[in-house]
> 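Have a look at this one.
Order of the sequence lines sets the chain letters (A, B, ...), proteins ahead of strands, with each chain counted from 1.
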2 protein chains.
Amino acid sequence: MNEIRILVVEDEPLIAMDIEQTLNNIDFAVTAIAHTYADAIRQLKINTPEAVLLDINLNDEKDGIDIAEFINQQYHLPIVFLTSHADKSMLDRAKKIQPAGYIVKPFEEKDLLAGLEIALYNFSMRESNKPMLSLTNINKHILSQISEREFDVLVAIYEGKTNMQMAESLFVSVNTIKTHISNIYIKLDVASRTAAIAKVRGWM
Amino acid sequence: MNEIRILVVEDEPLIAMDIEQTLNNIDFAVTAIAHTYADAIRQLKINTPEAVLLDINLNDEKDGIDIAEFINQQYHLPIVFLTSHADKSMLDRAKKIQPAGYIVKPFEEKDLLAGLEIALYNFSMRESNKPMLSLTNINKHILSQISEREFDVLVAIYEGKTNMQMAESLFVSVNTIKTHISNIYIKLDVASRTAAIAKVRGWM
DNA sequence: GCTTAAGTCACCCAATTGGGTGATTTTGTA
DNA sequence: TACAAAATCACCCAATTGGGTGACTTAAGC
């Protein structure tokens with residue numbers, strides 16, 4: 001059973017130890033406990049975790065949100081904030097980070113575990129949540145409906161294929177592809193592949 | 001001051017009343033208190049809320065997670081779960097709903113309010129989470145770095161513009177645009193606009 | 001001061017794409 | 001069966017895009 005490796009950034013020793021004990025009991029493994037900005041950066045490098053639990057208020061000139069900014073630039077990890085107050089000015093700074101979750105102090109063991117579980121799950125969902133093209137959804141936005149075959153071609157355009165590549169993968173001639181594309185342009189009211197992509201992207 | 005209208009689904013009368021009083025004091029308004037699955041569905045219809053607070057364990061054959069499934073299918077509302085135990089099998093089911101938040105019983109007033117605030121904030125964030133192109137993010141994935149000006153052109157391509165449109169909006173000649181595009185293709189290792197779009201889309 | 005990278009622009013040619021017209025076959029349905 | 005929509009393919013021409021080369025200017029770094 002592989003545990004999820006978590007870096008904890010928390011400057012209050014009592015809470016840090018509490019978190020460490022709680023997490024190590026269950027599905028999680030604490031890679032390290034960092035107390036400062038520099039500490040956190042170093043630990044990220046030498047023992048890269050799979051997630052980061054970040055106290056926002058640190059006794060340091062740089063706080064948890066600064067660390068989160070750094071993580072978002074250099075890595076691609078779910079960030080869970082730990083905060084004493086849900087005050088508005090803090091939230092405004094934190095929102096740019098797009099954290100996977102928040103946990104409000106004081107918290108109990110169950111709050112921590114449930115919060116982490118949900119946050120990490122949401123993050124993984126966000127990953128696999130690459131918006132997909134859908135025929136019914138596109139047709140909701142236009143009068144003259146796109147047919148199924150035309151949709152196949154539209155998806156191929158979206159995937160960056162050339163007309164020749166489409167002809168091969170759809171087992172028709174390039175002329176047929178061109179006809180479909182022309183019809184798609186009329187229905188979407190565009191004049192180029194990229195404009196078509198940009199248009200349907202707005203509907204996903 | 002417009003309050004956030006919340007539907008509460010909770011079958012234990014004492015807790016339900018407690019929640020109602022707590023919420024009505026502050027920024028929230030309780031549209032109704034539902035006790036069963038059928039009750040919840042009806043209330044959703046006749047008085048659609050802006051968010052749903054859902055007890056998972058109901059004295060009903062269908063539980064809160066079933067209601068959440070229904071809500072996700074028919075509406076687009078933030079769901080906050082309320083539960084007594086953070087047991088694993090239940091969490092596994094609940095996670096699939098992608099709830100906006102999670103509150104564990106027994107909870108105090110502050111847990112409820114903070115949990116709700118944060119959950120709703122997260123949900124609204126998720127909404128405005130239209131993936132954006134970012135220069136630093138793209139450059140994380142390639143060896144030869146895209147310059148700022150090239151990034152301007154890449155964004156214009158992404159937006160479906162033609163070379164001439166780009167030349168106008170960036171105040172340079174079409175030849176310059178062509179040079180930039182050629183360099184972008186080399187750096188991204190692609191041979192067409194659509195392939196470039198598809199490639200960077202995978203990195204957003 | 002020299003070098004390098006970025007940004008600007010031009011010209012040429014090839015390849016691809018876009019626009020228009022027409023025609024045949026298949027499929028579903030009234 | 002007859003009709004309409006969808007899918008298939010061809011041909012032509014114009015417009016846009018892609019690829020290669022060369023050149024000039026500016027800003028930043030050594």
Side-chain angles (χ1 to χ4, degrees), chain A residues 133-202, chain B residues 133-202:
Chain A
L133 286 182
S134 130
L135 178 54
T136 51
N137 187 40
I138 289 172
N139 279 336
K140 261 191 265 179
H141 295 86
I142 52 180
L143 297 150
S144 184
Q145 303 283 283
I146 298 271
S147 74
E148 285 187 29
R149 199 55 165 166
E150 284 162 355
F151 180 70
D152 292 338
V153 173
L154 183 53
V155 170
I157 289 176
Y158 183 79
E159 289 169 348
K161 293 187 181 172
T162 65
N163 292 354
M164 220 186 306
Q165 288 173 323
M166 292 184 223
E168 279 169 26
S169 64
L170 296 177
F171 305 106
V172 291
S173 93
V174 180
N175 295 304
T176 305
I177 298 293
K178 288 189 61 178
T179 306
H180 286 314
I181 292 179
S182 292
N183 292 329
I184 291 169
Y185 289 172
I186 293 168
K187 293 177 181 181
L188 292 183
D189 186 31
V190 294
S192 74
R193 307 158 101 74
T194 49
I197 294 172
K199 193 146 206 171
V200 298
R201 187 171 47 231
Chain B
L133 284 182
S134 129
L135 178 54
T136 52
N137 187 40
I138 290 172
N139 278 335
K140 260 192 265 181
H141 295 86
I142 53 181
L143 296 150
S144 184
Q145 304 283 282
I146 298 270
S147 73
E148 285 186 28
R149 197 56 164 165
E150 284 162 357
F151 180 70
D152 292 338
V153 174
L154 184 53
V155 169
I157 290 176
Y158 183 78
E159 289 168 349
K161 293 187 180 172
T162 65
N163 292 354
M164 219 187 307
Q165 288 172 322
M166 291 185 224
E168 277 168 28
S169 63
L170 296 177
F171 304 107
V172 291
S173 93
V174 180
N175 293 305
T176 304
I177 297 294
K178 289 189 60 179
T179 305
H180 286 314
I181 292 179
S182 292
N183 292 328
I184 290 169
Y185 288 172
I186 292 169
K187 293 177 181 183
L188 291 183
D189 187 31
V190 296
S192 74
R193 308 159 99 74
T194 48
I197 294 172
K199 193 146 208 174
V200 300
R201 187 171 46 232

> Just to verify, what does A/Thr179 make a side chain to side chain donor-acceptor pair (under 3.5 Å) with, not counting sequence neighbours?
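Partners of A/Thr179 by the side chain to side chain donor-acceptor pair (under 3.5 Å) criterion come out as none, since no residue qualifies.
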
> Rounded to the Å, how far apart are B/Glu148 CD and D/dA28 C1'?
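That distance rounds to 14 Å.
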
> Can you tell me if A/Ser173 touches the phosphate of D/dA10, counting only side-chain N or O atoms and a distance under 4.0 Å to OP1 or OP2?
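Indeed, a polar side-chain atom of A/Ser173 lies that close.
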
> Got a second to check how far A/Glu148's CD is from A/Glu150's CD, nearest 0.5 Å?
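Here the rounded value is 10.5 Å.
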
> Does A/Asn175 put a side-chain nitrogen or oxygen below 4.0 Å from OP1 or OP2 of D/dA10?
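Result: yes.
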
> Side-chain N or O of A/Thr176 versus OP1/OP2 of D/dA7: is the shortest distance under 4.0 Å?
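Looking at the OP1 and OP2 atoms of D/dA7, neither is under 4.0 Å from any side-chain N or O of A/Thr176.
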
> Round to the nearest Å and state the distance from A/Lys187 atom NZ to D/dA5 atom P.
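Result: 11 Å.
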
> Would you kindly give the CG-to-P distance between A/Asn183 and D/dT8, to the nearest whole Å?
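The distance from CG of A/Asn183 to P of D/dT8 comes to 12 Å, rounded to the nearest Å.
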
> May I have the distance from A/Ile186 (atom CD1) to D/dA6 (atom P), rounded to whole angstrom?
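After rounding, the gap between these two atoms is 13 Å.
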
> Can you list the residues that meet the side chain to side chain contact (heavy atoms under 4.5 Å, CB included) rule with B/Lys161, with sequence neighbours excluded?
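Per chain and number, B/Lys161 pairs via side chain to side chain contact (heavy atoms under 4.5 Å, CB included) with B/Ala156, B/Glu159, B/Gln165, B/Met166, B/Ser169.
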
> Run the side chain to side chain contact (heavy atoms under 4.5 Å, CB included) test on B/Arg149 and B/Val172 for me, step by step, so that the C-alpha distance in whole Å, both residues' side-chain angles and the decisive distance to 0.1 Å come before the verdict.
CA-CA 11 Å; B/Arg149 197 56 164 165; B/Val172 291; 3.7 Å; yes

> Decide yes or no on side chain to side chain contact (heavy atoms under 4.5 Å, CB included) for A/Asp152 and A/His180, but give the supporting numbers first.
CA-CA 10 Å; A/Asp152 292 338; A/His180 286 314; over 6 Å; no

> List every contact pair, protein side and nucleotides 14-22 of chain D side both N or O, where the distance is under 3.5 Å.
residue	atom	partner	partner atom	Å
D/dT17	OP2	B/Asn163	N	3.4
D/dG18	OP1	B/Tyr185	OH	2.8
D/dG18	OP1	B/Arg193	N	3.0
D/dG18	OP2	B/Tyr185	OH	2.9
D/dG18	OP2	B/Arg193	NH1	3.2
D/dG18	N7	B/Lys178	NZ	3.3
D/dG18	O6	B/Lys178	NZ	2.7
D/dG19	O6	B/Lys178	NZ	3.0

> Taking atom P of C/dC9 as reference, at what distance in whole Å does atom CG of B/Leu170 sit?
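Distance, rounded to whole Å: 11 Å.
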
> In whole Å, what is the span from the CD1 atom of A/Ile177 to the C1' atom of D/dA7?
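Taking atom C1' of D/dA7 as the reference, CD1 of A/Ile177 is at 11 Å.
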
> Can you tell me how far CD1 of B/Ile146 sits from CG of B/Leu154, rounded to the nearest 0.5 angstrom?
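Spacing of CG (B/Leu154) from CD1 (B/Ile146) equals 6.0 Å.
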
> Would one find a side-chain N or O of B/His180 under 4.0 angstrom from OP1 or OP2 of C/dT8?
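Indeed, a polar side-chain atom of B/His180 lies that close.
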
